[in-house]
Amino acid sequence: MTEFERFLRQLPAAEAERGRKVFRPVRVERGELVVRVGDQPDRVAFVERGLFRLYGTDESGTERTLAFRAEGELVCAYSAV
């Protein structure tokens, strides 16, 4: 059973079925950006395997880590939702 299926089993049956229809697997390579400055975020991700780092960059280009998302967690641009 995948992490995603484990996650869905925690939800009411109707919501779990909707999740199966809405989510689709996408592989994100290490170091690949999912949302860039200026993008209109329109996705929610579920971490099946690995770790996501959410970060921002200031005017001087310095990165600041805001959070991490691990296996079994959702990732999205919270400001967009």
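None of these values were measured; they are calculated from a predicted model.
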Would you be so kind as to tabulate the donor-acceptor pairs closer than 3.5 Å made by side chains of residues 7-25, with sequence neighbours excluded?
from  : atom 1 : to    : atom 2 : distance (Å)
Arg20 : NE     : Glu5  : OE2    : 3.2
Arg20 : NH1    : Ala16 : O      : 3.4
Arg20 : NH2    : Glu5  : OE1    : 3.0

Exercise answer: donor-acceptor pairs, residues 58-67 side-chain atoms, under 3.5 Å, sequence neighbours excluded:
from  : atom 1 : to    : atom 2 : distance (Å)
Asp58 : OD1    : Ser60 : N      : 3.0
Asp58 : OD1    : Ser60 : OG     : 2.8
Asp58 : OD1    : Gly61 : N      : 3.1
Asp58 : OD1    : Thr62 : N      : 3.0
Ser60 : OG     : Thr62 : OG1    : 3.2
Glu63 : OE1    : Arg53 : NH2    : 2.7
Thr65 : OG1    : Arg53 : NH1    : 3.0

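In this view, Ala45 and Val75 satisfy the side chain to side chain contact (heavy atoms under 4.5 Å, CB included) rule, not counting sequence neighbours. Under the side chain to side chain contact (heavy atoms under 4.5 Å, CB included) criterion, Arg36 pairs with Leu33, Asp39, sequence neighbours left out. With sequence neighbours excluded, the residues forming a side chain to side chain contact (heavy atoms under 4.5 Å, CB included) with Arg49 are Arg27, Glu71, listed by chain and number.
Of all the heavy atoms in Pro41 and Val35, the pair that sits closest is CG-CG1, 4.2 Å.
Cluster note: Met1 groups with no other residue, as no ILVMFWY side-chain heavy atom lies under 4.5 Å from it.
The shortest distance between side-chain heavy atoms of Phe46 and Glu3 falls below 4.5 Å. Considering only heavy atoms from C-beta on, Arg43 comes within 4.5 Å of Val34 through its side chain.
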| said: Test side chain to side chain contact (heavy atoms under 4.5 Å, CB included) on Leu74 and Arg69; report intermediate values, then the result. | reply: CA-CA 7 Å; Leu74 294 171; Arg69 294 292 177 260; over 6 Å; no

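Cluster membership check: Tyr55 does not share its hydrophobic cluster with Leu51, using side-chain heavy-atom separations under 4.5 Å among Ile, Leu, Val, Met, Phe, Trp and Tyr.
Expressed to the nearest 0.5 Å, how far SG of Cys76 lies from CG of Leu54 amounts to 8.5 Å.
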